[in-house]
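For reference, the structure discussed in these notes is given below.
The figures that follow rest on heavy atoms only: side chains count, while hydrogens, waters and symmetry mates do not. In what follows, chains are A, B, ... by sequence order, proteins preceding strands, each numbered from 1.
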Amino acid sequence: MASKIYQWLDERLGFDDLYKGLLDRPEPRGTWWNTLGSATLFLFTIQVLTGIFLLVYYTPSPDHAYDSIQYIMNGVAFGWLIRGIHHWSATLMVLLVFLHMLRVFFTASYKFPRELTWMIGVLLLLTTLGMGLTGYLLPWNQRSYFATTVATEIAGLVPWAGPFITRTMRGGNDLSALTLSRFFAAHVWLLPLTLAALIGVHLYLIIRHGESEYPTEED
Amino acid sequence: MGKSHEVSRRDFVKIVTGVAGTVIGAGITLPAVGYVLDPAIKSGGSGKENWIALGPLEKYPIGEPTPFNFTRTEINGWEKTFSTNGLFVLRKSDTEVEVLSNVCTHLGCRVAWHEDKGEFICPCHDGVFDKDGNVISGPPPRPLDNYEYKIEDGNLFVLFKEG
């Protein structure tokens, strides 16, 4: 019965072809270092899921941001766990992204025809760091407040356009409710969507080109 | 290959992946469900009861439903919630009263006393009740709820049950 249902669906959806094309493709012999990209993708998924759950209680307003997180940590069942996973997986994701980049660099995997994969990867790195920057403000405690003060000051050091960039990031001259609100919007919609779209292109390119062979001594 | 190797390497990896995936999945899913349902579980069946003082009985005229409002506060998450509750005191004689909730039994809107018509009317779906809270017309399934009351030293109290 189950196999009949599967067959019926497969005739219409083409699971088998999809599986062969996406997952059962031939790959050169790799090492554990080749798994860093997949590990990052896994963490991204974790971040999306735990992020959705945090949204159930988090409130992006200066009046309630801190209190709502205190409530998540101390009031709600398993709130500490969901936020803990989000926190540590964020930290680990930045680490893995860098390690993944180093692996690609040292195995020379960025060369033709994979230059575009590398470029998308650079954008992925920057977007991931953007997620870190915007997420850091959301607890609205002393540390996040002044970390964002410093970060937006640094952005203001850009010649000529600097002060305007700072005002754009803050939504005005001061770090305010507007800053929290726009960092929140960037953290839960703008950047994740960008990240997801870039990941899509990145994966398409990886499947199209296959993984690279490790360079030999002659290379 | 000896006879003991009945499970192939491929199947072994499949099983280990499946088991590990299930454990990790359950380890995340179960807390997540608890996390979302937590406020619903904690707020259920608190069963708190309070006697609300409505002042001296003489204050309420005989034969005329008189509104009385009181506010309850409750901590919900990180916020103190103020909820206003209303009732009508209908004094029937020197010692006998009827205390009606102003919550419409249809879908929870608040009814108002229309003195000219002598009816309680709910503005949401035109539920109409008579002076004693019985349904005259409209969708309400039952009469307005009665509050339990007591009279001590000429003062009226009603029993308010949370939730």
Side-chain angles (χ1 to χ4, degrees), chain A residues 2 19-20 23-24 27 29-30 32 35 38-39 41-90 92-93 138-141 180 184, chain B residues 1 5-50 69-85 107-108 160-163:
Chain A
Y19 174 77
K20 276 177 201 143
L23 295 171
D24 210 11
E27 291 292 353
R29 204 172 170 73
W32 280 101
T35 61
S38 304
L41 180 62
F42 174 74
L43 287 184
F44 175 71
T45 315
I46 291 286
Q47 290 303 82
V48 170
L49 293 177
T50 52
I52 289 171
F53 280 108
L54 288 174
L55 273 177
V56 175
Y57 297 108
Y58 178 72
T59 307
S61 105
D63 290 341
H64 296 303
Y66 184 80
D67 289 340
S68 66
I69 286 185
Q70 290 303 306
Y71 179 65
I72 290 171
M73 293 303 281
N74 303 316
V76 191
F78 300 111
W80 57 272
L81 182 65
I82 305 276
R83 180 159 177 254
I85 292 173
H86 198 75
H87 174 101
W88 286 105
S89 149
L92 201 58
M93 188 168 163
L138 303 186
W140 202 247
N141 55 27
L180 182 59
F184 175 72
Chain B
M1 291 292 247
H5 292 84
E6 280 175 5
V7 178
S8 69
R9 172 192 283 255
R10 181 169 291 254
D11 282 345
F12 176 76
V13 170
K14 269 187 193 167
I15 291 165
V16 168
T17 310
V19 169
T22 308
V23 170
I24 293 172
I28 292 175
T29 307
L30 295 178
V33 169
Y35 171 87
V36 171
L37 298 183
D38 183 71
I41 294 165
K42 279 184 188 162
S43 61
S46 69
K48 268 187 278 177
E49 294 183 345
N50 281 296
N69 291 316
F70 59 97
T71 303
R72 306 287 305 159
T73 59
E74 188 74 30
I75 304 286
N76 282 308
W78 56 90
E79 188 221 34
K80 198 179 225 183
T81 310
F82 296 89
S83 57
T84 303
N85 300 272
L107 289 170
F160 180 74
K161 293 172 183 167
E162 303 270 0

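Listed in order of number, the residues of residues 19-32 of chain B that approach chain A to under 4.5 Å between heavy atoms are Ile28(B), Pro31(B), Ala32(B).
Note on residues 17-41 of chain B: pairs passing salt bridge (charged side-chain N to carboxylate O under 4.0 Å, His left out), not counting sequence neighbours, are Asp38(B)-Lys42(B).
Contact of Tyr71(A) with chain B is made through the side chain alone, with heavy-atom distances under 4.5 Å. Of the two parts of Leu54(A), the backbone and the side chain both hold a non-hydrogen atom closer than 4.5 Å to a non-hydrogen atom of chain B. When heavy atoms are compared at a cutoff of 4.5 Å, Ile46(A) approaches chain B solely by way of its side chain, counted from C-beta outward.
Interface check for chain B: of the options Ile85(A), Ile72(A), Thr59(A), Val76(A), the most heavy-atom pairs under 4.5 Å are formed by Val76(A).
Closest of all the heavy-atom pairs between Gly34(B) and Ala77(A) is O-CB, 4.2 Å.
Environment of OH in Tyr66(A): sparse, with no more than 12 heavy atoms of neighbouring residues, nucleotides or ligands closer than 6.0 Å.
The main-chain N or O of Ile82(A) is never found under 3.5 Å from a side-chain atom of Tyr35(B) such that the two would form a donor-acceptor pair.
The distance from atom CD1 of Ile69(A) to atom CH2 of Trp78(B), rounded to the nearest 0.5 Å, is 10.0 Å.
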